[in-house]
2 protein chains.
Amino acid sequence: MASVADDISERLETEIVEGLLPPGTRLEEPALAERFGVSRTPVREALQRLSASGLVELKPRRGTRVLNPSIGRIVEMFEVMAELEAVCARLCARRADAELIRTLKAWLMSCETTAAAQDVSAYYEANRQFHHTIYRGSGNGFLAEQAEALHLRLTPFRRQQLRVPRRLRQSLAEHTQVVAAIEAGDEAAAESVQRDHILIQGERFGDFLSQFGAAAQADAG
Amino acid sequence: MASVADDISERLETEIVEGLLPPGTRLEEPALAERFGVSRTPVREALQRLSASGLVELKPRRGTRVLNPSIGRIVEMFEVMAELEAVCARLCARRADAELIRTLKAWLMSCETTAAAQDVSAYYEANRQFHHTIYRGSGNGFLAEQAEALHLRLTPFRRQQLRVPRRLRQSLAEHTQVVAAIEAGDEAAAESVQRDHILIQGERFGDFLSQFGAAAQADAG
DNA sequence: CCTCATCAATCTGCATGCATAATTATGACT
DNA sequence: AGTCATAATTATGCATGCAGATTGATGAGG
């Protein structure tokens, strides 16, 4: 049922998100076409979609490469992510029902257990589901989609974040605070806690990259 | 320099935004190809981009048509627009310099004069520039791009809004308030005023519709 | 008269070919 | 030897062709 272009788009997307295709990697149509055993046409369509979702950069007549944003750009994206999540949390506090709060608490617990078990990939999934639940809990499907899309887009740069165990504990504490605020219907608190929760990741990213100095400044234009 | 696909994409975009291609219109590749005097290939690419920017809907094997979202969906989009604008206004109040405030006041005055002159299209442009200035004034280029993109995407549905003269006067008053708040550095006021300014356009049915959940799925397409 | 099944016309998705621009490799000149 | 200019190679953008799916049109049956 899924078209070839869709399939290629998905496979490339996961490879980019999982870090197999690092930022800056050039994606040449003939090579991809041969690799997937298809012609260039569906490959081109797949690249178009990835370009639209902001994962790759498609310069006219100059080829496609995995997006390699500057540090400043990434910080900007985390800022927007923080604001989107803050809005979701606020609307969630306003509109959430008992069912959603139960789901939220379930994922919170899942985050805690996977973190305790040092299961990194399971923690990532639980964390993603936790945030996803808040997006959906906003009661605004469009907002949820936008948040999900940006979350995905930022995944390649969030990957290194939670290697620091102390940050992970603090992150769990913030999750608990957000759930409490949402359950209490405290919109302002939910918004504020969630915004800072994400903003810290942006700052952490800056700290992380500053270790590498200007080398990471390799801008894709 | 601009590729054929880019050109077609832009032309279709303006036609959709300006209402020449109403929501629900089917876009057939052979017809467009003949109309623009090119082959189907660049037409397909153009449609892909429009699909990515959310102006058209591209169902596999079932063709492309101008996006015709349900009322509930439009309300959701306006709600997100309101939140994005609110964030821009808040950051603008925090970071704006004298130069930006001068520009903002200039566009505000342009809005007033074009409104007084009943020049609808000129007013639209002045209004767009006014909001655009706030986006840029946020100091976050990524945020500005997102806001601009959503603003464009909502244009077909905002077109009928300001036909009501009373709404137009109120809109101008709200603009004045936002500028005042930004100039005073009052982040909370700027955020609040701007959010309501946009929310009124979406008619504030967000809370109402969220209670019904899937009931808002009554899609006309 | 209306509903449903079958068939023709049309459109979409993918493959392939070609011209042009960009990238890389090579050689001449300072 | 280093730098610049030139040529070969490669990739991109668009045109064209074909198989399969979808749309609607036509005719049979209730």
Side-chain angles (χ1 to χ4, degrees), chain A residues 1-16 20-69 218-221, chain B residues 1-16 20-70 219-221:
Chain A
M1 194 62 211
S3 68
V4 177
D6 276 322
D7 190 36
I8 294 176
S9 175
E10 275 186 35
R11 288 179 67 174
L12 287 178
E13 176 184 298
T14 59
E15 290 187 7
I16 293 172
L20 276 79
L21 294 173
T25 306
R26 176 125 187 237
L27 299 176
E28 293 172 357
E29 296 169 9
L32 292 174
E34 189 182 14
R35 178 188 154 190
F36 290 110
V38 296
S39 85
R40 277 177 48 221
T41 306
V43 170
R44 278 181 70 83
E45 290 202 6
L47 293 180
Q48 288 274 350
R49 295 192 199 177
L50 293 176
S51 168
S53 64
L55 285 173
V56 307
E57 187 183 25
L58 201 141
K59 286 186 180 175
R61 288 277 180 198
R62 303 197 74 189
T64 308
R65 51 182 63 225
V66 180
L67 202 68
N68 189 16
D219 195 348
Chain B
M1 167 201 154
S3 69
V4 177
D6 278 322
D7 191 36
I8 294 176
S9 176
E10 276 186 33
R11 289 179 68 175
L12 288 179
E13 176 184 297
T14 59
E15 290 186 8
I16 292 172
L20 276 80
L21 295 173
T25 307
R26 177 123 188 236
L27 298 176
E28 293 172 356
E29 296 168 9
L32 292 174
E34 189 182 13
R35 178 187 155 194
F36 290 110
V38 296
S39 83
R40 280 177 46 220
T41 308
V43 171
R44 279 183 69 85
E45 290 202 5
L47 292 180
Q48 288 275 351
R49 295 192 199 176
L50 292 177
S51 168
S53 63
L55 286 174
V56 306
E57 186 183 23
L58 201 136
K59 288 184 180 175
R61 289 275 181 198
R62 303 196 74 189
T64 309
R65 49 182 66 224
V66 180
L67 204 67
N68 190 16
S70 67
D219 199 340

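Worth knowing before you read on, the calculation uses all heavy atoms, side chains too, and leaves out hydrogens, waters and symmetry mates. Residue numbers begin at 1 in each chain, while the letters A, B, ... track the order of the sequences.
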Margin query: At less than 4.0 Å, is any side-chain N or O atom of B/Thr41 found next to OP1 or OP2 of D/dC14? Yes or no.
Written below: no

Item checked: Interatomic distance where CG belongs to B/Asp6 and C1' belongs to D/dC14 [whole Å] -> 13 Å

Notebook entry, point to check: With A/Glu15, which residues qualify under salt bridge (charged side-chain N to carboxylate O under 4.0 Å, His left out), at least two apart?
Noted result: A/Arg35

Notebook entry, point to check: How long is the line joining CG of B/Asp7 and C1' of D/dG13, in whole Å?
Noted result: 14 Å

Notebook entry, point to check: Roughly, in whole Å, what's the span from CZ in A/Arg65 to P in C/dA22?
Noted result: 15 Å

Item checked: Divergence of helical axes at both termini of the helix from C/dC1-D/dG30 to C/dT30-D/dA1 - five pairs an end, 10° steps -> 20°

Notebook entry, point to check: Looking at residues at least two apart in the chain, or sitting in another chain, which of them share a side-chain contact (heavy atoms from CB on, under 4.5 Å) with B/Thr64?
Noted result: B/Leu27, B/Leu47, B/Val56, B/Leu58

Next item on the list: Starting at the 5' end of nucleotides 5-13 of chain C, put B wherever the base has a protein heavy atom under 4.0 Å, S where only the sugar-phosphate does, and a dash everywhere else.
Entry: ------SBB

Check: By side-chain contact (heavy atoms from CB on, under 4.5 Å), which residues pair with A/Ser39, not counting sequence neighbours?
Finding: A/Thr41, A/Pro42

Margin query: Run the salt bridge (charged side-chain N to carboxylate O under 4.0 Å, His left out) test against A/Glu29 and tell me which residues pass, sequence neighbours left out.
Written below: A/Arg40, A/Arg44

Next item on the list: Report the distance from atom CZ of B/Phe36 to atom P of D/dG13, rounded to the nearest whole Å.
Entry: 19 Å

Checklist line | Side-chain donor or acceptor of A/Arg26 paired with backbone N/O of A/Arg65 under 3.5 Å | finding: no

Notebook entry, point to check: Below 4.5 Å, heavy atoms only, C-beta onward: do A/Ser9 and A/Leu50 meet side chain to side chain?
Noted result: yes

